[in-house]
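See structure below.
Quick note on labels: first sequence line is chain A, next is B, and so on, each numbered from 1.
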There are 2 protein chains.
Amino acid sequence: MTHSAPPAVPRFPVSVTVDLVIFTVRDDALHVLLVERGKEPFLGGSALPGGYVRPDEGLDEAALRELREETGLDGGRLHLEQLRSYGDPGRDPRGRVITVAYLALGPDLPAPVAGTDAARAFWAPVGEALRADSGLSFDHGAILADAVERARSKLEYTTVATSFCREPFTVSDLRHVYEVIWGIALDPSNFRRKVTRTAGFLEPTGERRTSETGRPAALYRFGGAAVMSPPLLRSGDIAGRGAGGGSGRG
Amino acid sequence: MTHSAPPAVPRFPVSVTVDLVIFTVRDDALHVLLVERGKEPFLGGSALPGGYVRPDEGLDEAALRELREETGLDGGRLHLEQLRSYGDPGRDPRGRVITVAYLALGPDLPAPVAGTDAARAFWAPVGEALRADSGLSFDHGAILADAVERARSKLEYTTVATSFCREPFTVSDLRHVYEVIWGIALDPSNFRRKVTRTAGFLEPTGERRTSETGRPAALYRFGGAAVMSPPLLRSGDIAGRGAGGGSGRG
DNA sequence: GCAATAGTGTCTTTGAGACAGTATTAC
DNA sequence: GTAATACTGTCTCAAAGACACTATTGC
């Protein structure tokens, strides 16, 4: 469309969809929202939630609408960003379909909402979803893999990890997000130093949260800053240590 | 299209295009390849090169083809990556057009090739192209702005800056790329230390290049590593210093 | 010699890694 | 008291910032 028409072929049958990779941290694993397909192709298989972009809506708008339909959430409370587009001919057996994938991050969300299209939606640990034998439909396995890598690297240089925490949250809650998504244990002491001293990352509420055991932890809200510089690098992990890693020893 | 059909609207007239943001460093500025539009809408205006995706080709494939058509280059020598997709209704007055934007980086390229569709292509400094009054057609101003930001941040944590240098190149050539794209002066000494000690960034050829003035500089090839960790941060600039910044003083 | 660019060395500062040690809760 | 988690402090090391200084060219 930009310059004088290239050799013919202005228009042919194409559909444009948005697909959502919705991540949350539950228990001790990163989970993704999947739907069970109710029709061919891949009937009964698992896939990312998504749907057609409508004639009158933008891509971000379509993604927000799908998010609302699938999770019942108003999107304002979640982080939502475009991941990338996938459009290999043959990625959908029914014809040429270009999909724009979005990445959504949110705190442990209510189980998929009934009364919507997503009645057959469920949370799956990404590890399982990525295993070849559980094979996602279409090219959704590749999309999911790209989304995982995007999420992992965004934790390094941005503050999006807070999107996984319901406010108010503790430093340990936040560290747990990093540990689950990176799959490594972080030193609690150094992690605390980094996140509390990064301007705009955390904002103390002044409250504390008491749990069954241990000293009550200070509570924080997200502080509004988008990026962390210098970043919190993955390379900075601890080789041999359990995820709960205590500090003292003497 | 992933789950049971959402409320109607499976298919409506859409076109899918790829648009290219092709960057190069010429003289002392980042330049982008633009084309003068030969037809309505925006006849006579400037736009990013691009074209329709064909029924039988993937998105990356379409981008590579357009790149070849516009620059006469085989893409194998350039860095090419998907930037993001743009699909607001109304972004093209002729109808619904989704475009997948790609970012291409290359060494100072031969002036746009004749004999192709791109006869009216030309290099423009991005500063000028972004100015509101020179207004690019469609939403290409926004796409270009996103591309600049992507390029700037990729210099921090990857080795793509080498894509702007024709091999073999000197450390100063590479530093010049950073300085032009970030718009700041870097300390020659510290820059050298960083790039020469980052494993896989530079590979010495053993040769030197003599110029009109000064000591001949050692020549390097790209070393194959994709990322730099820790990154070379933009924040690490020098407040008041000219771009040529000499070292000695006594 | 001078101007200009390439390259080395080194002191200082920042921040991360690796802990030891203290604080506050439930039991 | 013990177990458990929260938090503080500090020593060390890696790497960046800020230079001074030396090297090699053309003139």
Upstream residue (5' side of DNA chain D) when P230(B) and P216(B) are each assigned their closest nucleotide
P230(B)
Both T170(A) and R208(B) contact DNA chain D. Which one's nearest nucleotide lies toward the 5' end?
T170(A)
So, does K194(A) get its side chain near the phosphate of dG15(C), meaning an N or O under 4.0 Å from OP1 or OP2?
no
Within this structure, what is the [atom1]-to-[atom2] distance between [X] and [N], rounded to whole angstrom?
X	N	atom1	atom2	result
R209(A)	dA4(D)	CZ	C1'	17 Å
L219(B)	dG7(C)	CG	C1'	14 Å
D187(A)	dC11(D)	CG	C1'	14 Å
R215(B)	dT24(D)	CZ	P	5 Å
L202(A)	dA6(D)	CG	P	14 Å
R197(A)	dC7(D)	CZ	P	14 Å
L186(B)	dA18(D)	CG	P	11 Å
F191(B)	dA15(D)	CZ	P	17 Å

Among side-chain atoms of H176(A) and D28(A), is any donor-acceptor pair under 3.5 angstrom?
yes
In sequence, state the C-alpha distance, the side-chain angles, and the governing distance for Y86(A) and D19(A), and then conclude on side-chain hydrogen bond (donor to acceptor under 3.5 Å, both in side chains).
CA-CA 10 Å; Y86(A) 301 80; D19(A) 282 320; over 6 Å; no
pair [X]-[Y]: side-chain heavy atoms closer than 4.5 Å:
X	Y	value
V32(A)	I22(A)	no
R120(B)	V35(B)	no
D60(A)	Y102(A)	yes

Taking for each residue the nucleotide of DNA chain C with the nearest heavy atom, is it N190(A) or T213(A) whose nucleotide lies nearer the 5' end?
N190(A)
If you go through the side-chain atoms of R193(A), does one of them form a donor-acceptor pair with the base of dG17(C) closer than 3.5 Å?
yes
When you measure only distances, ignoring hydrogens and angles, does the side chain of S189(B) come within 3.5 Å of the base of dG9(C) through a donor and an acceptor?
yes
